[in-house]
Each structure stands twice: as C-alpha cells, then as structure tokens.
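Shown next, in structure tokens, is the structure this report addresses.
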2 protein chains.
Amino acid sequence: MRQPIEILGLHNLKRTSCREGIIRVIMSASTALSESEIRERLEGNYDRTTFYRSFKTLVENKIIHKIVVDNQLVKYALDNSVTHKHEHAHFYCNECERVQCLDDVVMPALKLPTGYTLTEMELIIKGLCNQCSCKN
Amino acid sequence: MRQPIEILGLHNLKRTSCREGIIRVIMSASTALSESEIRERLEGNYDRTTFYRSFKTLVENKIIHKIVVDNQLVKYALDNSVTHKHEHAHFYCNECERVQCLDDVVMPALKLPTGYTLTEMELIIKGLCNQCSCKN
DNA sequence: GTTCTTGCAAAATATTTGCAAGACG
DNA sequence: CGTCTTGCAAATATTTTGCAAGAAC
C-alpha cells in the first residue's frame with residue numbers, strides 16, 4: 001500500500017502533518033477509528049475544526065470513508081481506492097463497540113424494484129466479534 | 001394494521017397526543033420521515049425535547065425504527081413488530097432524499113468470519129428512486 | 001392519588017463559518 | 001509569492017438533563 005504522503009500527492013492535496021497523520025493512524029489500525037481515537041494516537045494537537053475539515057477533504061477525495069453506526073457513532077477507515085479492495089460490509093460489535101471492515105463478506109447482488117437504480121450500498125452488521133463472543 | 005392508541009396500550013405506554021400523533025403520521029406516510037417532516041404534519045406544537053423523548057420511547061418499544069443515512073440524516077419508519085414484515089433494506093434517493101423501506105428486497109444470508117455472531121443488520125442502498133430516475 | 005409525561009431552561013455536545021496568520025509548493 | 005490550510009472565535013445545530021406543572025390511568 002502507498003505511503004500517506006504519496007497518497008496526498010496523487011490527489012493534488014498539500015502534504016500537511018494533520019492529513020498525513022490521520023492517514024497514517026488509520027492505515028496502521030485494525031479497526032475503524034473515531035475522531036477521538038485518532039486524536040489520541042497522533043502526536044500533534046490539532047484544532048477540532050482542522051480535524052473536521054481534514055476528514056471532509058479526505059472523504060471527498062475517497063482516501064478514507066466514514067462509517068456511521070446508529071446515530072452519533074462516527075468512525076473512519078481507509079477507502080477502497082487506497083486498499084484496492086472491493087465494496088465490503090462493516091461489522092459493529094455491541095460489546096467492545098469496535099467497527100471492522102469485513103473484507104471477506106461479499107456484498108450481495110440485489111434485485112431492486114423497477115425503476116430504481118443503485119449507485120452505492122452500505123451494509124452494517126451488528127453482533128459480537130470473535131474476541132467478545134469468546135468471553136461470554 | 002392496529003391503531004396508534006391500541007399500539008401504545010399493548011406496550012403499556014400512556015396514550016399521549018404526541019405519541020399518538022407521531023405514530024399516526026408515520027403510519028400514513030409512504031416514506032420514512034425526519035423529525036421536522038413529522039412536526040409539519042402534526043397539528044399540535046410540541047417541544048423538541050418531548051419529540052426526542054417520544055422517539056426514544058417508541059424506538060425502545062420497537063414501535064418505530066430509526067434510519068440514519070450517512071451522518072445527520074435521521075428518519076423514522078414503522079417497526080417490523082407493527083407492520084408484521086421481515087427485516088428489510090432501506091433505499092435512499094440521492095435526488096429527492098427520500099428514504100423508503102424496501103419490503104421486497106430480502107436481506108441476504110451472510111457468512112461471517114469464525115467466532116462472529118450476528119444479532120442485527122442494516123442495509124442502506126443509495127441511488128435514484130423510480131420517480132427521480134424517470135426525470136433524468 | 002400515584003406515576004409517567006410534558007415544557008421550559010440550561011447544559012453538554014457536535015458541526016459550520018469567517019477571517020487573519022501561517023505553511024505548502 | 002500565490003494558494004491552500006490552520007487555529008481561534010463565534011455562530012448554529014443537536015441532544016441530554018433537572019425540575020416543576022400537568023396529564024394519564
């Protein structure tokens with residue numbers, strides 16, 4: 001996978017430490033991360049406004065994507081254009097509240113009602129992850 | 001389908017005009033509605049706090065369910081326990097921004113990774129609805 | 001009459017915008 | 001140096017909480 005700096009260059013975005021850091025943290029994580037989780041793992045201390053704007057820019061450029069579980073739980077993960085993976089489902093664990101991209105769960109082919117066209121789909125699966133289901 | 005008043009009684013909830021009105025408006029709609037859309041269609045004028053609490057109560061009692069598209073677009077629709085229908089996908093139209101429950105799109109059976117257990121799934125399909133795709 | 005719900009005020013939280021200073025290329 | 005990005009302040013929006021008055025049963 002490409003390096004953060006390189007990715008920014010490919011999209012003609014300025015290589016700022018905030019953007020670079022966000023991408024680096026998300027790349028090194030095994031689960032999707034929330035704004036505060038990303039902040040904790042960054043060295044620099046950035047203004048919240050800057051965070052919002054950086055996320056917005058990265059999402060618009062399809063470098064990361066936003067996952068919203070129910071309401072108010074917003075997490076970010078690398079976008080397919082960076083990982084070279086296909087559209088995938090997201091798994092939310094009711095216990096540890098972590099969100100993971102399920103790369104191996106293929107998105108089902110659906111038959112929509114007549115006249116409807118599909119551009120995108122989002123599948124969120126809720127349950128217990130492997131770690132949390134062992135504990136019970 | 002049962003009447004709003006009756007539904008409230010079945011869940012041991014007091015029959016207040018706010019709750020009754022919310023259920024009635026949602027029942028008579030063909031698409032999922034947002035808080036403000038529901039407010040517009042109600043006679044009485046209720047405090048926003050009351051609205052939030054009413055939605056919370058109705059969702060907890062599985063009378064309605066909440067659908068969140070991307071972030072910040074929250075809509076409500078009748079729950080399966082009231083409609084007697086199965087789990088279904090939701091369709092969001094990028095053009096008219098309406099959300100519809102696709103009762104005929106069966107939720108796919110998925111094979112999760114080992115150790116993962118499923119309790120719930122939410123499938124949101126985005127695209128153009130039949131009305132909006134005709135116009136283009 | 002007891003319990004639950006409402007409305008109001010206020011707090012907590014989340015998000016957006018304008019603008020001047022600063023960094024990138 | 002021109003353009004884009006940041007940080008700060010402030011505006012806007014969203015959601016939650018406490019409490020007293022009111023409605024439901």
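Keep in mind the model is a prediction, meaning the values are calculated, not measured. Residue numbers start from 1 in every chain, and the chains themselves are labelled A, B, ... in the order their sequence lines are given, proteins ahead of strands. Heavy-atom basis, side chains included; hydrogens, waters and symmetry copies ignored.
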Can you tell me how far [atom2] of [N] sits from [atom1] of [X], to the nearest Å?
| X | N | atom1 | atom2 | answer |
| --- | --- | --- | --- | --- |
| A/Leu42 | D/dT6 | CG | C1' | 15 Å |
| B/Tyr46 | C/dC8 | OH | C1' | 17 Å |
| A/Arg48 | D/dC8 | CZ | P | 15 Å |
| B/Leu8 | C/dT6 | CG | P | 10 Å |
| A/Ile5 | C/dA23 | CD1 | P | 16 Å |
| B/Asn12 | C/dT3 | CG | P | 16 Å |
| B/Arg19 | C/dC4 | CZ | C1' | 8 Å |
| A/Glu35 | C/dA14 | CD | P | 8 Å |

Looking at [X] and [Y], does any basic side-chain N land under 4.0 Å from a carboxylate oxygen?
| X | Y | value |
| --- | --- | --- |
| B/Glu43 | B/Arg24 | yes |
| B/Glu37 | B/Arg41 | no |
| B/Glu35 | B/Lys75 | no |

* To do: State the CG-CG distance between A/Asn61 and A/Leu10, to the nearest 0.5 angstrom.
  =>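 Answer for the CG-CG pair, A/Asn61 versus A/Leu10, is 10.5 Å.
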* Rounded to the nearest 0.5 Å, what's the gap from OG1 on A/Thr16 to CG on A/Leu8? Could you check? =>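 Interatomic distance, A/Thr16 OG1 to A/Leu8 CG, rounded to 0.5 Å: 7.0 Å.
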* Mind running a 4.0 Å heavy-atom check of residues 49-64 of chain B against DNA chain D and sending the residues that fall below it, in number order? =>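 Output list: B/Thr49, B/Tyr52, B/Arg53.
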* To do: On DNA chain C, check which nucleotide each of B/Lys14 and B/Ser17 is closest to and give me the residue with the more 5' one.
  =>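 Result of the comparison: B/Lys14.
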* Should we count CD of B/Glu6 as having more than 12 external heavy atoms under 6.0 Å? ->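 Buried by this count: over 12 neighbours within 6.0 Å.
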* When you measure from the side chain of A/Asp47, which nucleotide among D/dG7, D/dT5, D/dA23 comes out closest? ->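 Minimum distance to the A/Asp47 side chain belongs to D/dG7.
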